[in-house]
Amino acid sequence: MPGPDKETDLTERIEAFLSDLKRGGSGTGPLRGSAETARETTALLRRITAQARWSSAGDLMEIIRKEGRRMTAAQPSETTVGNMIRRVLKIIREEYARSRGSSEETDQQESLHKLLTSGGLSEENFRQHFAALKANVIEAINELLTELEGTTDNIAMQALEHIHSNEVIMTIGRSRTVESFLKDAARKRKFHVIVAECAPFCQGHKMATSLSEAGIETTVIADAAIFAVMSRVNKVIIGTQTVLANGGLRAVNGTHTLALAAKHHSTPLIVCAPMFKLSPQVRRLTNEPDFYNFCEILSKVNVHCPVFDYVPPELITLFISNIGGHAPSYIYRLMSELYHPEDHEL
Amino acid sequence: MSAEPSVASSSTPATQHKKTTRGGTRHFTEGGPVKKDGIQQAKTEGKELTKEEKQRLRKEKKQQKKSKEKKDEKASQESEKEKKPVSSASPASQPPTQPITPKAPSAVPTLVPVPASETPAPADKPAKSKAEMKAERRARQEAERASKQGKKGEVGQQAAPGKPKAPPSELQPVVKRLPEHVQVDNPEVLKKLAKKLERQQIPLRSDYGYKVSLFSHLHQYSRKAPLTQQLSIPSTVIHPAIVRLGLQYSQGIVAGSNARSVALLHAFKQVIRDYTTPPNEELSRDLPNQFNFLNQCRPLSASMGNAIKYIKKEISNIPSQCKEEEAKSKLLNCIDRYIDEKINLAAKAIAKSSIEKISDGDVILVYGCSSLVNHILCEAFEKNRKFRVIVVDSRPRLEGREALRRLVQRGISCTYVLISAVSYILPEVSKVFLGAHALLANGYVMSRVGTSQIALVAKAFNVPVLVCCETYKFCERVQTDSFVSNELDDPDDLIVTRKGKTQLEHWQEVPSLGLLNLVYDVTPPDFVDLVITDLGMIPCTSVPVVLRVKNVDQ
């Protein structure tokens, strides 16, 4: 019988995804880029929409929220999972509202007048059943998937607007977005890239080899030399793990130092981040520690190895995303367009 | 003028020069033959040519050669400007004596095109000729002074009177001779160096690997090819203690400015003990060979430069009547005293002042392995201050592990992080203690690469930064960025294996890939709050004051 098979199949897939997430975080599984994770999450959510049993939008949202909580709990540092879930929830809300016939804008605007007169959106309980809702939602999720597939290319297309010839560009660690950004610019312009290796994992080495194979003049420096070399750098282009709601970043270790050095020399700091990295979270004060190989671990020594750094928005000059360039002060607005405020807490 | 023991014909001051010339006011066009006449005169008079005169003869011969080559040279101002940086012998920087004397002869020939280009300009002949004469005279004086100072050291020549001489001796000469190790992109300089080293039987170390274009003016050596492999056996020129020292430097076994200076001084004590003065020669003749060898192994640091200057001064101070044994024991005592005063006692004094700055409950951040900072922390711990230490380390040297070992052995509670985690850990820190390799005259602190980064982040978090430095590391150089004068370490050190993969293993085969392994960087004075020295606690900008005070004392 199709029903139970579908369901077991679905739960199997969800479990497989969860275990992948867990393994990816602990470093034992294959390391995935966040674009991949986003795509897989969205595909999984589409499958849930298609195969799970639900009768109204509210049910679907409940299911997705539940699965979403499990997924984010499996790997808290992988924020793209949570972001995709919130996007899909927003899609469901929009489709529901469209089916109901009310225009989207009036529902979403939280004007002071609305807040005072009505009781907010709590009346909306999404209980109405619409036959076409499933199809609409799946179609919208497909659109989201196409958007996701094109993000890196969209960002790379803007490269020539920001890089002129004979520039010295600095970057840190390894970001696939920045890699394709620089490679795209290198097709037409000649410039020099300095990569900070980003100890202890030294992802910068892989970035440097890949860039130099594309014919870009690359230099690898140790993290300690970032400030020493910064005076000759024209631009700093970095990727990030997450873009926070206030325009700040949660990026790889060492980025804060890089941002401070760039500020000191008044060098522009450009962040290439696709929209799916935008997260409604604000800065959390604890950093997840990671394992670290130390040749002689003396029992009296504490060793810290933070994985991420927080970079405040004052140090950032520009965000380049798949929908164009923005200032850090605009990020909150973009976020309100992507996610519904009630979904900020899953 | 009385200081010169030479014959009248080779004297430099203006008046006497005029007297010896024949042919009136336009003597300088026939400068070559006229001077020769003077010396011929001396010869015919049966006097033995002194060293100065021999040098002069050599100079004139070169002059004539070069005047033929350079007859079409352009502006007279150009040649005047050229001669200034070349001819001054600065006591401040660390050049060995030998290169000064070859430079002096080349100073004088550049003057010859001045009069040569003079002849076509008819109108202002008399006016220009005076200026040219003066310039020539000054240049000659400086050349002579340079050659003298090269032999005898600074002491004794400051008595040399004469108006044109007095002002320069009060203020240090403005432009110093550029050391060879920052002119690697100049092929002439390299050729000269190769010739010089060949004369002294010191092998020339060759550069390794692709150099990043920003640093093409610096050397980049590989640790796997030490200089000693190219030394011939037996090498009579370089003392074995120096060879060993050079090897220790180039392999990184002896590292850290204090350690290198002390090792250098001990090695020289050995050299002095074993030295037997050949007849009519001086110890200072052989010293440059040793220094050049060490320089090839690893560029000399500022502290080593100051130590070497001190040794040379002491050697030149020994009266010539002194017997060899006495002279040797005097020198050995001087060196011991230097080590005691400038390094050991200074460390004690600095520790004493620093302990006042450490309070109970402090969290102190240190970077890398500075012997002085470690000493201070251990002393403070002995005095029962309660604090904990965060040791920041960086690739590829990972010197922080050594510091960590030493501190943990004493029982101090420590935390260890890499430099990329500094902004994570800094909110907990109350003070930052940094060591220095040298303090520059414009207030910049030259130290291990990464120090400026730590100072920057500390400033951003409003944490006080204290630099500890002995006064013998103060240096009269000025520098504003980390590019013009630095050291490039072996680029292969950056290669590392993570998770079984070595990404950069074949970096040499990829033409557009370069690895940069800097050793030093400069920290601007606005990041540093206080410098603790053996003379007290001073702000960064007071370094030139201290230098001036030291020079007056000497």
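We name chains A, B, ... by the order of the sequence lines, and we start the count at 1 in each one. Heavy atoms only: backbone and side chains are in, while hydrogens, waters and symmetry mates are out. Quick caveat, the model's predicted, so the values are computed rather than measured.
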Novice: Can you pull out the residues in residues 230-237 of chain A with any heavy atom less than 4.5 Å from chain B?
Specialist: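 Hits under 4.5 Å: A:Ser231, A:Arg232.
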Novice: Side chains of B:Leu504 and A:Thr209: closer than 4.5 Å at any heavy-atom pair?
Specialist: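 A side-chain contact exists here, since the closest heavy-atom pair is under 4.5 Å.
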Novice: For B:Ala460, which atoms come within 4.5 Å of any heavy atom of chain A: side chain, backbone, both, or neither?
Specialist: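 For B:Ala460, side-chain heavy atoms alone lie under 4.5 Å from chain A.
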Novice: What's the separation between atom CG in B:Asp393 and atom CG in A:Asp223, rounded to the nearest 0.5 Å?
Specialist: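 Rounded to the nearest 0.5 Å, the CG-CG separation comes to 11.5 Å.
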Novice: Measure A:Glu217 against the heavy atoms of chain B and call it side chain, backbone, both or neither at under 4.5 Å.
Specialist: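 For A:Glu217, the contact with chain B is made by backbone and side chain together.
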Novice: Relative to chain A, which segment of B:Leu518 carries a heavy atom at a distance below 4.5 Å: side chain, backbone, both, or neither?
Specialist: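 For B:Leu518, the side chain is the part near chain A, not the backbone.
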Novice: Would you name the heavy atoms of B:Ser482 and A:Ala228 that are closest together and state the gap between them?
Specialist: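 The pair with the smallest heavy-atom distance is OG-CB, 3.7 Å.
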Novice: Do A:His205 and B:Trp507 have side-chain heavy atoms sitting under 4.5 Å apart?
Specialist: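 No, their side chains stay 4.5 Å or more apart.
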Novice: Can you tell if the side chain of B:Ser423 reaches within under 4.5 Å of the side chain of A:Asp309, non-hydrogen atoms only?
Specialist: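 Yes; the side chains approach each other to less than 4.5 Å.
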Novice: A:Val301 and B:Tyr416: which non-hydrogen atoms are nearest, and at how many Å?
Specialist: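 A:Val301 and B:Tyr416 have their closest heavy atoms at CG1-CB, 4.0 Å.
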Novice: Look at the side chain of B:Gln453 and the backbone N and O of A:Ile226, then say whether any donor-acceptor pair between them is shorter than 3.5 Å.
Specialist: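 Here the side-chain-to-backbone pair exists.
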Novice: Among B:Ser420, B:Pro491, B:Ser452, B:Cys414, which residue forms the greatest number of heavy-atom pairs with chain A at distances under 4.5 Å?
Specialist: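 Highest number of pairs under 4.5 Å: B:Ser420.
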Novice: Where does B:Pro524 contact chain A at under 4.5 Å (heavy atoms): side chain, backbone, both or neither?
Specialist: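 The answer is the side chain of B:Pro524.
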Novice: Checking side-chain contact (heavy atoms from CB on, under 4.5 Å) for the pair B:Leu418/A:Cys305: CA distance, chi angles, key distance, verdict?
Specialist: CA-CA 8 Å; B:Leu418 282 185; A:Cys305 182; over 6 Å; no
Novice: Identify the heavy atoms of A:Ala225 and B:Val449 that sit nearest to each other, and give their distance.
Specialist: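 The pair with the smallest heavy-atom distance is CA-CG2, 3.7 Å.
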Novice: With under 30° as parallel and over 60° as perpendicular, where do the rings of A:His256 and B:Phe461 fit, or are they tilted in between?
Specialist: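 Aromatic pair A:His256/B:Phe461 classed perpendicular.
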Novice: Heavy-atom distances under 4.5 Å only: say whether B:Asn517 touches chain A with side chain, backbone, both or neither.
Specialist: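 Interface part for B:Asn517: neither.
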Novice: Distance from A:His264 atom NE2 to B:Asp526 atom CG, nearest 0.5 Å?
Specialist: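 If we round to the nearest 0.5 Å, A:His264:NE2 and B:Asp526:CG are 5.5 Å apart.
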Novice: Name the option with the most non-hydrogen atom pairs under 4.5 Å to chain A; the candidates are B:Leu456, B:Asp521, B:Thr523.
Specialist: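 It is B:Leu456.
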Novice: Can you tell me how far CG of A:Asn253 sits from CD1 of B:Ile419, rounded to the nearest 0.5 angstrom?
Specialist: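 One finds 11.0 Å between CD1 of B:Ile419 and CG of A:Asn253.
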Novice: Using non-hydrogen atoms only, which part of B:Ser394 is less than 4.5 Å away from chain A: side chain, backbone, both, or neither?
Specialist: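 Only the side chain of B:Ser394 comes within 4.5 Å of chain A.
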Novice: Is B:Ile425 close to chain A through its backbone or its side chain, or both, or neither, when contacts mean heavy atoms under 4.5 Å?
Specialist: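 For B:Ile425, the side chain is the part near chain A, not the backbone.
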Novice: Let me know if A:Val193 has heavy atoms under 4.5 Å from chain B in its side chain, its backbone, both or neither.
Specialist: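 No part of A:Val193 comes within 4.5 Å of chain B.
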Novice: Can you tell which part of B:Tyr367 gets under 4.5 Å to a heavy atom of chain A, answering side chain, backbone, both or neither?
Specialist: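 Just its side chain gets close to chain A.
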Novice: Are the side chains of A:Pro200 and B:Arg395 in contact, using a 4.5 Å heavy-atom criterion?
Specialist: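 They are not in side-chain contact.
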Novice: Judged by atom type as modelled, is there a donor-acceptor pair below 3.5 Å linking the side chain of B:Thr415 to the main-chain atoms of A:Val303?
Specialist: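 No, because the side chain of B:Thr415 does not come within donor-acceptor range (under 3.5 Å) of the backbone of A:Val303.
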Novice: Using non-hydrogen atoms and a 4.5 Å limit, figure out which bit of B:Phe215 sits close to chain A: side chain, backbone, both or neither.
Specialist: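 The answer is neither part of B:Phe215.
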Novice: Rounded to the nearest 0.5 Å, what separation is found between the CG atom of B:Leu516 and the CD1 atom of A:Ile194?
Specialist: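 Here the rounded value is 7.5 Å.
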Novice: What part of A:Ile216 is in contact with chain B, defined as an atom under 4.5 angstrom from a non-hydrogen atom: side chain, backbone, both or neither?
Specialist: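 It is the backbone, since no side chain atom gets that close.
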Novice: Supply the atom-to-atom distance A:Ile221 CD1 to B:Leu494 CG, rounded to the nearest 0.5 angstrom.
Specialist: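 One finds 9.5 Å between CD1 of A:Ile221 and CG of B:Leu494.
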